[in-house]
Amino acid sequence: DKPIRIAFVGRPNAGKSTLVRAVSSARPKVADYPFTTLNPSLGVVRVAPEASFVIADIPGLIEGAAEGAGLGHQFLRHLARTRLLLHMVDIAPPDPDADPAKDARALVQELRKYDEALYRKPRWLVFNKIDAVADADARIARLLRALRWKAPWFMISAISGKGCRELSGRVYQFISAPVEKRKGRRAA
């Protein structure tokens, strides 16, 4: 029984479950409505014959999750067992008035309100749905500036698999490294 090494956090419909399906044999439900994920879903990511790690997909987090809003409160405690948080950011939200930078900062504050140790865990940004917009590079550059991001970040399309193998490889390198060599702190 492998410990949970990484977990995906993000807003509802950011593509967390789709990414779990893309990189592991797990088959969580994927649908185009908020809170499709009602229970944590675990998957094993195999990057080589003898190299794998366990990932957890938890329900999307919304503002107020630390106080019990949405489904987040009952699942935030699962994140304490992880080594790395992959913060999924939807760069093509369906709402034209959405502000992914504001949403990312709000999610980080929910982590902090719930548990300071959880807030301090290494966290990488994963920009998803790069295939859904023509200006993905420009959008990501704006988000990185707005968040003052200095930690690792990745561009992926969970639905097509683009960038997912590279992300999995980097995650495995991170969790396999001695603790003193791990990087992953961030702003936001």
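One-based numbering along the sequence shown.
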* To do: Please report the C-alpha distance between T82 and I6 in whole Å, then the side-chain angles of each, then the deciding distance to 0.1 Å, and finally whether the side chain to side chain contact (heavy atoms under 4.5 Å, CB included) criterion is met.
  => CA-CA 5 Å; T82 64; I6 69 162; 5.7 Å; no
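- Taking CZ of F8 as the reference point, atom CG of N128 lies at 10.0 Å (rounded to 0.5 Å).
- Closest approach of I175 and R83 over heavy atoms only: O-NH1, 2.5 Å.
- Note that CD of E110 is 4.0 Å distant from NZ of K113, once rounded to the nearest 0.5 Å.
- Shortest non-hydrogen contact noted between W124 and P152 is NE1-CG, 3.4 Å.
- Distance check: C164 SG to R21 CZ gives 13.0 Å after rounding to the nearest 0.5 Å.
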Name the atoms and distances for all side-chain donor-acceptor pairs under 3.5 Å in residues 86-98, with sequence neighbours left out.
from : atom 1 : to   : atom 2 : distance (Å)
H87  : ND1    : R123 : NH1    : 2.9
D90  : OD1    : A92  : N      : 2.7
D90  : OD2    : K129 : NZ     : 2.9
D95  : OD1    : D97  : N      : 2.8

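- Residues V171 and V45 form no side-chain contact, since every pair of their non-hydrogen atoms from C-beta on lies 4.5 Å or further apart.
- Distance CZ/R142 to CD1/I140: 10.0 Å, rounded to 0.5 Å.
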* Could you please spell out the steps behind the salt bridge (charged side-chain N to carboxylate O under 4.0 Å, His left out) verdict for R170 and E166? => CA-CA 6 Å; R170 288 283 304 279; E166 295 82 359; over 6 Å; no
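- Between the CZ atom of F174 and the CZ atom of F53 there is a distance of 11.5 Å, given to the nearest 0.5 Å.
- With hydrogens and angles ignored, the 3.5 Å screen pairs a side-chain donor or acceptor of D99 with a backbone N or O of K102.
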Side chains of residues 153-161: which donor-acceptor pairs under 3.5 Å do they make with residues two or more places apart or in other chains?
from : atom 1 : to   : atom 2 : distance (Å)
S157 : OG     : D131 : OD1    : 3.1
S157 : OG     : D131 : OD2    : 2.9
S157 : OG     : S160 : N      : 3.3
S157 : OG     : S160 : OG     : 3.0
S160 : OG     : K162 : N      : 3.3

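- Rounding to the nearest 0.5 Å places CG of L143 at 8.5 Å from CG of L125.
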